[in-house]
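So you know, we letter chains A, B, ... as the sequences are listed, proteins then strands, and number each from 1.
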Amino acid sequence: MEEISILIGGRAGEGINIAGTVITRILSACGLRAYMYYDYPSLIKGGHNFSVIRAAEEEVRCHREKVDFLLAMDQETVRRHAGRLREGGEVIRDAGVVKGDGIGVDLDTIVTEERAPPITRNSAIIGAFCKACGIPWTTVEEVFARAVPKEQEANLRVARRGYDVSREVLRLPATGRKPLPTITGNDAVALGLLDAGMEGYVAYPMTPSSSILHTLAGLADRFGISVVHPENEIAVMLTALGAAYAGRRVAVGTSGGGFCLMTEGFSLAGMAEIPVLVVLAQRPGPSTGVPTYSAQGDLLFALSAGQGEFPRIVAAPGTPEEAWYWAGALMDLAWHFQTPAILLTDKNLGEGIFSFGETEKRPALESSLWDGTGEYGRYGAGTGGVSPIAFPGIAGAMVKVNSYAHDEAGITTEDGAIVARMAEKLQEKGTTAARVLEGYPCVTTAGDPGAETALLCWGSTAGVCTEVAESLGLRVVRPVVLSPFPEAQVKAALAGAGRIVAVEENVTGQLARLVSAHGIKADVVVGKYDGRPFALEELERRLQGVTA
Amino acid sequence: MTWITRAKNTWCPGCGNFAIEHALKDVLTDLAEEGRRAEDFVLVSGIGCHAKIADYLAVNSFYAIHGRTLPVAAGIKLANPGLTVIACAGDGDAYAEGLDHLVFAAKRNQDITVIIHDNRVYGLTTGQYTPTSYEGFRGRSTPGGIRERPINPVALMLASGATFVARTYTRKRDHLREVLTAAVLHRGFSFVDVLQVCATYNNLTEYYDDRVYLLEGHDTADLTGAMGKAREWDYSTDAPIALGIFYEEEAPANPWTAMGGIGKDERERTIRTILKEKT
Ligand code: SF4
């Protein structure tokens with residue numbers, strides 16, 4: 001496939017993320033399918049930030065090591081990344097501060113002459129880049145109008161100066177395809193939640209989940225929902241449970257450390273049978289770890305968080321379309337089964353920017369509302385372990401939920417027979433949920449379905465595994481739902497595979513451990529745990545070693 | 001309406017929890033007679049002896065976990081502002097495990113009422129000291145007597161911006177009922193510290209009976225005066241113990257936009273518009 005890769009780098013505070021976003025949108029506006037990875041340390045100013053953007057005629061969900069253009073806002077960018085420039089590639093640099101070859105654009109001079117604010121400097125680089133790949137000026141103008149609302153005139157003047165001093169290096173493939181929106185995985189989560197009728201979002205800021213909170217806070221008025229940020233994650237969880245008890249569809253968002261604080265309430269949700277959806281965006285390491293990078297280290301934590309035994313539905317989407325779909329589906333499922341659910345994402349998915357395609361329609365799944373007859377018992381008999389639900393305020397219902405073991409009416413009990421019966425009721429819900437989930441796309445496959453070697457992966461490595469499998473002739477089996485584990489579907493997808501290679505962004509192979517409990521043995525784990533996503537060439541190299 | 005469930009009551013004989021339960025039952029009866037629907041009352045409790053009140057009172061209830069009554073109550077009120085939300089919490093609940101929630105609830109002035117069953121001991125875990133136990137208190141975890149001073153919750157709540165701050169006592173039945181009524185009727189965050197007798201582990205009946213007096217002629221709009229009264233007795237050393245409403249103020253309540261949403265069609269339209277904005 002015809003494609004292009006760009007790396008833009010500079011210091012934190014120079015707007016590298018915004019510049020990368022604008023480039024991604026411009027490429028998308030040209031009818032290409034684009035993806036951007038953003039790499040930044042946990043610093044507000046200084047340090048080195050860079051974005052890698054890749055765009056092609058067909059869908060792209062990962063980046064390459066080699067790039068066609070290196071856009072350098074500082075010398076450090078050239079020092080660190082010059083080796084990534086492919087032969088015939090071009091450097092576009094701020095001529096005022098970066099020495100070397102390539103297309104030089106004197107940002108300070110342009111900004112001074114245009115009397116534009118310093119934050120517009122990167123627009124000149126973007127302009128120069130657009131000329132270098134033959135993008136018509138009108139496209140640049142259009143995207144700036146939508147993407148850069150602040151100082152739009154100044155940005156455009158500066159961009160035009162960059163465009164004019166540059167020269168054409170290559171021509172992008174003309175696909176003639178309709179441009180797609182570009183959104184982050186976290187935007188996809190936010191919109192998926194809204195699409196599923198979320199009425200409130202409660203969260204405490206924590207990278208890399210915070211942008212869901214910011215996006216929803218910004219959209220709260222347009223959707224008439226409530227978005228609140230209380231004192232801590234414990235309050236987040238309990239406030240959400242209070243709201244769900246009172247009849248609202250709510251979600252919470254956090255990362256590992258925040259989820260640690262939420263597990264107390266998570267367990268309460270299991271016992272009291274209160275629905276709640278937790279968006280758990282993973283980052284590397286125990287404790288504070290590496291806040292602005294990515295990992296897949298919380299799978300086993302998500303599967304076992306909270307004391308005691310209760311059903312939970314956990315899904316790890318691999319693409320923004322899946323993130324959208326499962327944000328809604330998990331909300332439906334949590335509310336139907338009155339139990340907590342986790343949407344397990346990570347920084348690479350959540351903060352990556354993607355051309356966003358079509359999403360699947362979710363199966364209809366209503367809550368099992370109380371019909372208003374007879375005496376209401378919150379934990380009364382229902383089908384499949386699911387009790388009819390009523391909320392405070394509903395005429396004739398006294399709704400008692402309880403963190404203790406309780407009877408059908410919600411009154412505390414320590415009676416052995418009732419305790420056992422209620423524990424079985426919870427398990428029955430889990431079994432019913434597993435059956436209902438058979439109607440959902442719980443396992444995805446890619447590559448060659450008959451290939452001897454299967455890549456077993458989950459979450460955001462979906463894109464890179466798919467591309468590598470296509471080039472190396474492998475198959476990919478990826479469970480999206482991880483609890484209740486879709487054992488039969490995974491086994492069917494792996495049928496005939498002689499060699500199973502687990503690809504995971506963790507040290508211990510957590511999915512490999514999970515499948516082993518279901519009688520599936522991964523032969524080898526290819527792990528990556530430096531916080532950075534696999535680049536295409538990198539995974540190819542790693543796999544050549546183990547699949548030969 | 002009886003207001004009492006069939007659950008077997010397991011409080012010790014002489015426990016102050018009975019007084020709170022009955023006072024609350026009377027408050028609910030009065031409010032129901034004045035037109036509030038029984039279905040619109042919600043009781044949230046924490047964990048500890050006090051929390052069993054959720055089992056005993058025949059109203060909607062959320063029997064929560066230790067220290068977490070207030071965020072639950074906040075979520076309920078946020079979800080449905082039409083509900084009358086009352087949180088019963090213990091002193092361990094509110095002043096130890098859930099102190100941050102208490103301070104923030106006061107700061108936020110959401111329209112909920114919190115009633116602290118302040119028996120100054122952990123009853124259900126068989127007698128350990130709490131944040132309001134007096135200096136020198138010998139509990140099962142502190143046999144040598146505690147060498148730290150208690151929190152003064154009334155002063156703390158005044159400092160945190162609570163718009164209704166009161167204290168009452170389980171052996172002053174009429175006063176208890178009056179104060180609880182005023183607290184529930186107050187629009188905004190209401191805090192009531194109830195000095196509660198624990199018959200088994202911390203029976204301060206005589207100590208309280210000798211020292212309590214009702215606030216009279218006190219200006220409830222005067223924060224400085226209220227703070228002075230709050231500091232008169234520090235929950236430890238010997239001093240007269242004022243009962244009554246220390247402070248009351250009308251201020252904007254319910255700071256958060258209530259939960260809700262737009263219809264499905266409008267929602268889908270808005271989402272399409274947003275996606276278009278992102279091309
Ligand atoms: S231990 Fe104390 S507080 Fe608990 S029920 Fe007995 S008397 Fe009441």
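Only the backbone of A:Ala397 comes within contact range of chain B, with at least one heavy atom under 4.5 Å from a heavy atom of that chain. Proximity to chain B (any heavy atom under 4.5 Å) is restricted, for A:Ile274, to the side chain, taken from C-beta onward. Contacts between B:Arg267 and chain A at a heavy-atom distance below 4.5 Å involve backbone atoms as well as side-chain atoms. Of the two parts of B:Ile47, only the side chain, counted from C-beta on, holds a non-hydrogen atom closer than 4.5 Å to a non-hydrogen atom of chain A. When heavy atoms are compared at a cutoff of 4.5 Å, B:Phe62 approaches chain A by way of both its backbone and its side chain. If you measure heavy-atom distances from A:Tyr245 to chain B, the contacts under 4.5 Å come from the side chain alone. Using a 4.5 Å cut-off between heavy atoms, B:Thr5 touches chain A through its side chain atoms alone. Neither the backbone nor the side chain of A:Ala240 has a heavy atom closer than 4.5 Å to any heavy atom of chain B. No part of A:Glu142 comes within reach of chain B, as not one of its non-hydrogen atoms sits under 4.5 angstrom from that chain. Only the side chain of A:Leu268 comes within less than 4.5 Å of a heavy atom of chain B; its backbone N, CA, C and O stay farther away. There is no contact between B:Ala51 and chain A, counting heavy-atom distances below 4.5 Å. Contact annotation for A:Phe391: neither backbone nor side-chain heavy atoms come within less than 4.5 Å of a heavy atom of chain B. Contacts of B:Lys276 with chain A are made by backbone atoms alone, with heavy-atom separations under 4.5 Å and no side-chain atom involved. Of the atoms belonging to A:Val143, not a single heavy atom falls under 4.5 Å from chain B. Only the side chain of B:Leu83 comes within less than 4.5 Å of a heavy atom in chain A; its backbone stays farther off.
For the set A:Met271, A:Arg248, A:Arg146, the entry with the most heavy-atom pairs within less than 4.5 Å of chain B is A:Arg248. Ranked by non-hydrogen atom pairs under 4.5 Å with chain B, the options A:Ala409, A:Gly224, A:Pro392 are led by A:Pro392. Between chain B and the residues A:Ala29, A:Gly197, A:Ser28, the largest count of heavy-atom pairs under 4.5 Å involves A:Gly197.
Remark: A:Arg222 does not engage B:Glu266 in a salt bridge, criterion side-chain N to carboxylate O under 4.0 Å. Here A:Glu264 pairs with B:Arg68 in a salt bridge; the nearest charged N to carboxylate O distance falls below 4.0 Å. A salt bridge links A:Asp187 to B:Lys278: at least one charged side-chain nitrogen sits closer than 4.0 Å to a carboxylate oxygen. Remark: A:Asp407 engages B:Arg6 in a salt bridge, criterion side-chain N to carboxylate O under 4.0 Å.
A donor-acceptor pair is defined here as one N or O able to donate and one able to accept, closer than 3.5 Å; such a pair exists between the side chain of B:Asn60 and the backbone of A:Val399. Of the possible donor and acceptor atoms, one in the side chain of A:Lys400 sits under 3.5 Å from a partner among the backbone N and O of B:Val59. B:Asn80 places no side-chain N or O within donor-acceptor distance of the main-chain N or O of A:Ala246, the cut-off being under 3.5 Å. A donor-acceptor contact shorter than 3.5 Å links the side chain of A:Ser226 to the backbone of B:Thr257. Of the possible polar contacts, one joining the A:Ser403 side chain to the B:Ala64 backbone as a donor-acceptor pair under 3.5 Å is found.
Contact check for B:Ile274 versus A:Leu194: no side-chain heavy atoms found under the 4.5 Å cut-off.
The interface of residues 13-30 of chain B with chain A, defined by heavy-atom distances below 4.5 Å, is empty.
Distance check: A:Asn402 CG to B:Asp55 CG gives 5.5 Å after rounding to the nearest 0.5 Å.
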